[in-house]
Structure formats: C-alpha cells, structure tokens
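These notes concern the structure reproduced below.
Just so we're clear, the structure is a prediction, and the values are computed from it rather than from any experiment.
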Amino acid sequence: DGARIRTLVLRGGRDLELRVPKARLEPRDDSLIFDPIEWVAPNVGAVQAAVELSLREDLVLEPHRFKIRTGLLDPFEVVHIDLNEQVAEKLRCVEQRSKVPDAYDLHLLWQRRGDLDESTILRLVPEKLTSAKDHRAGTLAGLDRRRPRWDDARGTEIPVDAPPADEVFEACREAIARWVP
C-alpha cells in the first residue's frame, strides 16, 4: 500500500523534514517508487534520493537491523534484507531486468563475498530464478544487455566514480559462475 508506506517513510524522516512524493506503481516491475525524496541536510544543502520497494515476493530469510553512523546525523537503525538473499535477488534482477545499476550492485556484493555464506546463496538462487531452465546463460545474457549503456549511466544511474566497466562486468561474470547453478 503506497499511502501506508509513504506515511511510514515520512514518520521515520520527520527530523530530516523529508518531502516524499506519492508513490508511483511500476506495473512491469511490481514496484512502488518514491522519487525524488527531498530534504535539506545541515552543512550539505539540498539532497535527493529515490526509494524503490519491490512487491514481487516475500523474503525467504529474516531481515537484519543495521545501525547507520554518519557525521551528519545521530546514529539510526534500518531493517535490510539479508545480504545472502540480496545476492540471489540481485542475480534474479540481472537475469530478468535490464537496469544498469543491477550490475553495479552485483559487483559490490561480489566484493563482499568473504562476508557471505555461499551455501546459503546456492540454496536461494534457484528459489529466485524461476523464469528459465538455463539460469546461468539467462543471467549472463541479462548482464550483457547492460554493458553498452554502462558509460552513459555514469553520474545518473551509477556513481561517477564507479569502477571501469571491464572490472565490474568481469566481477559479475565471476559471481554468476560461482553462484548460479
């Protein structure tokens, strides 16, 4: 329910004086998108962010609480998806969507592979990838759809200082080889 989620976001961000637009539903992705969320941060100025919430499926693993510490705000907690499940979900995104940031996200998760449980990932991936029989080929094809748009996405969909495309896509290929059965 977009209205209820918007109320929760506003309540949680009251101290930041967030301006949250009404959610728009992306039917092709079954997602609620709040964009742009705007606020003025002390010593920083105007800040914009977007939040996309998937409505596609339930989580398999229990979410975790994570404390955010920043010099701009008092520490606060957020609830987030288990990183092992996030890997499986991100592999699903790489196979089924064509958004450039999915490759960047998978690259970031691959960099943290030492903190992840590979057996859990290998158990979860088949639960998330249900659209094709040859998941590895489908995921590699999904990865290849993003490559031509990598440089154009820099500074908009991905950070300006993101690693070079060759580095990101090689890491993604390694992740797919290791985590997609």
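- A distance-only check finds a donor-acceptor pair linking the side chain of E85 to the backbone of V60 [under 3.5 Å].
- Closest of all the heavy-atom pairs between A177 and R136 is O-NH2, 3.1 Å.
- Taking OG1 of T130 as the start and CD of Q96 as the end, the distance is 6.0 Å to the nearest 0.5 Å.
- When side chains are defined from C-beta on, D82 does not count as touching E62, because their heavy atoms never get closer than 4.5 Å.
- The shortest non-hydrogen separation linking T156 to D152 is OG1-O, 3.9 Å.
- Here the straight-line distance linking atom CH2 of W110 with atom CZ of R178 works out to 4.5 Å at 0.5 Å rounding.
- The minimum heavy-atom distance linking P101 with I158 is given by the pair CA-CG2, 4.0 Å.
- Crowding of D74 atom CG: a count of heavy atoms from other residues, nucleotides or ligands under 6.0 Å not exceeding 12.
- The pair R113-E118 fails the salt-bridge criterion, with no side-chain N (NZ, NE, NH1 or NH2) lying under 4.0 Å from an Asp/Glu carboxylate O.
- Residues V94 and T139 come closest through the heavy atom pair CG1-O, 3.5 Å.
- Taken together through direct or relayed side-chain contacts under 4.5 Å among Ile, Leu, Val, Met, Phe, Trp and Tyr, I68 and I37 form part of one hydrophobic cluster.
- P148 meets the side-chain contact (heavy atoms from CB on, under 4.5 Å) test with no other residue; sequence neighbours excluded.
- With rounding to the nearest 0.5 angstrom, the CG atom of N84 is 9.0 Å from the CZ atom of R123.
- At least one donor-acceptor pair closer than 3.5 Å links the side chain of R146 to the backbone N or O of K99.
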Candidate pair E89 and R92, rule salt bridge (Lys or Arg N to Asp or Glu O under 4.0 Å), full reasoning: CA-CA 5 Å; E89 181 62 25; R92 182 199 63 76; 2.5 Å; yes
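- Hydrophobic clustering keeps V79 apart from F76 (ILVMFWY residues linked when any side-chain heavy atoms are closer than 4.5 Å, directly or through intermediates).
- Other residues, nucleotides and ligands contribute at most 12 non-hydrogen atoms within 6.0 Å of the CZ atom of R112.
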Identify each donor-acceptor pair in which a side-chain atom of residues 159-173 lies under 3.5 Å from a protein atom, sequence neighbours left out, and give them as a table.
residue : atom : partner : partner atom : Å
D166    : OD1  : R147    : NH2          : 3.3
R173    : NH2  : D144    : OD1          : 2.4

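- Checked options L116, D117, L122; the residue passing with T120 is D117 (criterion: side-chain contact (heavy atoms from CB on, under 4.5 Å)).
- Distance check, rounded to the nearest 0.5 Å: OG of S119 to CG of L124 gives 9.5 Å.
- For the pair K90 and L106, the tightest heavy-atom approach, listed with the atom from each and the gap, is CG-N, 3.9 Å.
- The CG atom of D102 sits 4.0 Å away from the CZ atom of R97 when rounded to the nearest 0.5 Å.
- Contact detail for H135 and L129: the closest heavy-atom pair is CE1-O, 2.7 Å.
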